[in-house]
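Working notes for the structure below.
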Amino acid sequence: MRRILVTSALPYANGDIHIGHLVEYIQTDIWVRFQNLVGNRCVYVCADDTHGTAVMISAGKAGVSESKFIAEMQRAHERDFAAFDIKFDNYGSTNSRENRALCERFWKSIRAAGLVRERDVEQLYDPEAKTFLPDRFVRGTCPKCGSVDEPGDNCSKCGHHYSPSELIHPRSTLSGATPVLRNAPHLFIELEQLHDFLDEWTQSGKHLQPEIANYLKGHFLGEPLRDWDISRPAPYFGFEIPDSPGNYWYVWFDAPIGYIASTHQWCERNGEKLDDWWRSEDCEIHHFIGKDITYFHTLFWPGMLKTAGFTLPTQVHIHGFLTVDGEKMSKSKGTFVAAKTYLKHLDPTYLRYFYASKLSSRVEDLDLAVDEFVAKVNTDLVNKVVNLASRTAKFVEATGLSATYPDDGGLFADAAQLGDEIREAYDATDYSRAVRLIVGLADRANPYVEERKPWELRKDPKKARELQDVCTVALNLFRQIVVYLSPVLPRLAEQAGELLNDPIKLWNQSQKPLVGTKVNKFTHMLRRVEEKDVHAMIEESKPAGSPAAEAASPGAESIGAGAQWNDSGDALAAEPLVPECTIEDFAKVDLRVARVIAAEDVPEAKKLLKLTLSLGGGTTKNVFAGIKESYEPEQLVGRLVVCVANLAPRKMKFGVSEGMVTAAGPPGKDTKEVFIVTVAEGAVPGHRVH
RNA sequence: GGUCCGGUAGCUCAGCGGUUAGAGCAGGGGACUCAUAAUCCCUUGGUCGGGGGUUCGAAUCCCUCCCGGACUACCA
């Protein structure tokens, strides 16, 4: 029996769980359930990641204390997870007593190992909000190309990387104030001292997927590792560093330690010793994470564990992101579906099955194509698997299963033998392979029923025995499949257990037929997915007023009497007003109505479309607009837009842009949520906007 | 730009040096009626991205080109 401790990444306490998160939690939960099913002892811990500037700011905006904010968020997270049958042995919080104690313990070891250095860091400070600003809370003009309103780390126009302090006219996205440079001492961990160890650990071939090991080798381990800035000056929501008053551990220092803290809570409750789980050769530790946090889990974290004398991860399982119909999840397209929105429309079983059927051990993105989702769930689960029970159970309601298992031509035995292969696939997190093998069994079981025709047997009282035998076989094949699928579909396993009066608890139940039990009245186990429910879910996930939402309900433009304007303040808060300007300033900008007379894709560009704008009378302008991710060229031709007509021409990679099409959207370089500015009926190309 | 991963039937993918390249779904034809318009049988469909090479033999190995995607930490 293996002893295994499993974690999923700690969700950040600053937003709801969505279907993207669920890829990871479902992947992990399946693995944990599988391990327990085959008789290993597997404990699954997780926690909310609560610290950092983002939570501090969100709590401030909501007008509540941080502790209240994170408590509410945690309640919501736990509720969502439970609804998807994700079963943690302990769900903690990084803002816990246990975590603080462990952080202090780690810190002591790291200090003692001589890894900590203090160094002054110049950082932008918001004098109005009285806080230091992480890069993403600063925006300004790119020092290289002069593009305005660029993020604090790199320019979305020219791609130039810089530090936020290099921006021209920087401003805080919190208050709109001009940030000032302030010096503050920060504490750094000199990771380079652990370089040899990390080389060996990452390249051993045992702990990481090969592509990850390779990536680390190429990107980081080929040169000296940079020092890691692990402190933040007050104000900061987190733990104050005991020997450095006024400084707090950066959230990424205490977050992974939260894995141990959560385990500690579980140990306390269950009379276990923490050292048996985190400082023992006999216990495996498996982390499941997304590819975005690879760096932290494969370099910092092993380094910290090594230094503090804890067990190193046996394996870090890294998965890709979720895409929907081949595209990144998008709020405006309604594919950024919150867990709770999903639950209003669809059964969680569907998503568990679908993800399982798509997941492999590779670091690949997983695509949820709506058609495929519907087809897979309905054909595999309902039509094939559940069908086995629903077509035979009622024939043996009265008699129960036969007392001895009849001859089935080797079907059950063959499927039992396949168990090893299925088991290996699960263990290797190659669920798509496991599911493929299992569903193949249903493809062999249905023809058996077809051939033996129980519906004819029941007409002849003399064949009652044969009828019972045929159904005993069919129900056993069904049950065997359900045992194999039970890590993925715990609810179905429970229903099958109830139907046949024998709860499914162990993998071995797939190896021996069940005989002589009563059979209960069959009730529906799983409804078919309706495509309209999926679409309703996506509709509900769309923000009001997006181009997509408009397209879905043409004619919704005329705002009826019942319309409500309860617009949230989020958009404004995300990008506060800039300092006021005079009418003369405004007059310098010549905004004109223009007609898009041609629009073409720039194949090499990620975000740009090439537009030809007509100002009327043959005056045209060539403009490159960063709207490719939101609009198709065909949608634009013929439309009236508002352009900045006197903007100095700018040479871009693909040609000269002679103006700019105005568009609204949130700050940031993400151009998936842009909405071009159009003009009311009657305006003609050439009209100036006054 | 660099690194990595892919490109096999309409779709999702399996096969990764050895008999005429497979599955599921979709399409076509038929059967059945126990079952959630479920199931079963038959069937159409592919110069395995292009080109070159290694080999008795290549979808599978090597080279090269083309196409698609991901990543590119000092954000959380």
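Convention: sequence-line order gives letters A, B, ...; per-chain numbering from 1. Heavy-atom basis, side chains included; hydrogens, waters and symmetry copies ignored. As the structure is a prediction and not an experimental result, all values here were calculated from the model.
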Using a heavy-atom cut-off of under 4.0 Å over every strand shown, decide if [X] touches base, sugar-phosphate, or nothing.
X: Lys453(A); value: nothing
X: Tyr215(A); value: sugar-phosphate
X: Leu388(A); value: nothing
X: Asp229(A); value: nothing
X: Phe220(A); value: base
X: Val251(A); value: sugar-phosphate
X: Arg436(A); value: sugar-phosphate
X: Arg232(A); value: sugar-phosphate
X: His51(A); value: sugar-phosphate
X: Pro454(A); value: nothing
X: Asp443(A); value: sugar-phosphate
X: Trp228(A); value: nothing

When both hydrogen-bonding distances must be under 3.5 Å and the geometry is Watson-Crick or G-U wobble, what is [N] paired with, if anything?
N: C71(B); result: G2(B)
N: C48(B); result: none
N: U54(B); result: none
N: A23(B); result: U12(B)
N: C40(B); result: G30(B)

Between [N] and [M], how many Å separate the two [atom1] atoms, rounded to a whole number?
N: G51(B); M: A58(B); atom1: P; value: 15 Å
N: A21(B); M: C74(B); atom1: C1'; value: 50 Å
N: G10(B); M: G45(B); atom1: P; value: 11 Å
N: U43(B); M: U8(B); atom1: P; value: 25 Å
N: G49(B); M: G7(B); atom1: P; value: 7 Å
N: G6(B); M: C62(B); atom1: P; value: 12 Å
N: C61(B); M: C25(B); atom1: P; value: 30 Å
N: G15(B); M: A59(B); atom1: C1'; value: 9 Å

Give the rounded distance in Å between these two atoms: [atom1] of [X] and [atom2] of [N].
X: Glu531(A); N: U36(B); atom1: CD; atom2: P; result: 22 Å
X: Phe522(A); N: C34(B); atom1: CZ; atom2: P; result: 16 Å
X: Glu451(A); N: C41(B); atom1: CD; atom2: P; result: 9 Å
X: Phe478(A); N: A35(B); atom1: CZ; atom2: C1'; result: 13 Å
X: Lys358(A); N: U12(B); atom1: NZ; atom2: P; result: 7 Å
X: Asp227(A); N: A73(B); atom1: CG; atom2: C1'; result: 14 Å
X: Ile212(A); N: C4(B); atom1: CD1; atom2: P; result: 13 Å

Can you find a side chain N or O atom of [X] that sits less than 4.0 Å from OP1 or OP2 on [N]?
X: Asn383(A); N: U39(B); answer: yes
X: Arg528(A); N: A38(B); answer: yes
X: Lys394(A); N: A35(B); answer: yes

If you check the [X] side chain, which of [options] turns out closest?
X: Pro447(A); options: C41(B), U36(B), C4(B); result: C41(B)
X: His219(A); options: U72(B), U39(B), U33(B); result: U72(B)
X: Asn446(A); options: C4(B), C71(B), C40(B); result: C40(B)
X: Arg458(A); options: A35(B), C74(B), C34(B); result: C34(B)
X: Leu526(A); options: U39(B), C4(B), U36(B); result: U36(B)
X: Asn387(A); options: C25(B), A38(B), U36(B); result: A38(B)
X: Glu450(A); options: C40(B), C25(B), A70(B); result: C40(B)
X: Ser390(A); options: A35(B), A70(B), C74(B); result: A35(B)
X: Phe395(A); options: U12(B), U39(B), C34(B); result: C34(B)

Query raised in the report: Distance under 6.0 Å and angle within 45° of the ring axis: does Lys331(A) meet both against Phe336(A)?
Result: yes
Query raised in the report: Considering heavy-atom distances to RNA chain B, does Phe321(A) or Val439(A) have its closest nucleotide positioned more toward the 5' end?
Result: Val439(A)
Report task. Could you pick out which residue, Tyr295(A) or Ala442(A), lies toward the 5' side of RNA chain B when each is mapped onto its nearest nucleotide? Result -> Ala442(A)
Report summary line: Between Leu368(A) and Phe354(A) the two heavy atoms that sit nearest each other are CA-CE2, 3.6 Å
Query raised in the report: Any chance the rings of Phe288(A) and Tyr25(A) have centres within less than 6.0 Å?
Result: no
Requested in this report: Can you label the angle between the His207(A) ring and the Trp201(A) ring as parallel, tilted or perpendicular, going by 30° and 60°?
Outcome: parallel
Query raised in the report: Between Phe300(A) and Phe296(A), how do the two ring planes meet: parallel, tilted or perpendicular, split at 30° and 60°?
Result: tilted
With no hydrogens and no angle check, do the side chains of [X] and [Y] hold a donor and an acceptor under 3.5 Å apart?
X: Tyr353(A); Y: Asp380(A); value: yes
X: Asn95(A); Y: Ser93(A); value: no
X: Ser58(A); Y: Asn14(A); value: yes

Report task. Decide side-chain hydrogen bond (donor to acceptor under 3.5 Å, both in side chains) for His77(A) and Gln74(A); before the verdict, give the C-alpha distance in whole Å, the side-chain angles of both, and the deciding distance to 0.1 Å. Result -> CA-CA 5 Å; His77(A) 287 177; Gln74(A) 177 158 351; over 6 Å; no
Query raised in the report: Are more than 12 heavy atoms from other residues, nucleotides or ligands located less than 6.0 Å from atom CZ of Arg465(A)?
Result: no
Query raised in the report: Using a heavy-atom distance cut-off of less than 4.0 Å, which residues of residues 359-369 of chain A contact RNA chain B?
Result: Arg362(A), Glu364(A), Asp365(A)
Query - Pair Arg433(A) + Glu424(A), salt bridge at N-O below 4.0 Å - result: no
Query raised in the report: Passes ring pair (Phe, Tyr, Trp, His ring centres under 6.0 Å), His297(A) versus Tyr259(A)? Steps please.
Result: CA-CA 12 Å; His297(A) 282 81; Tyr259(A) 295 141; 5.8 Å; yes
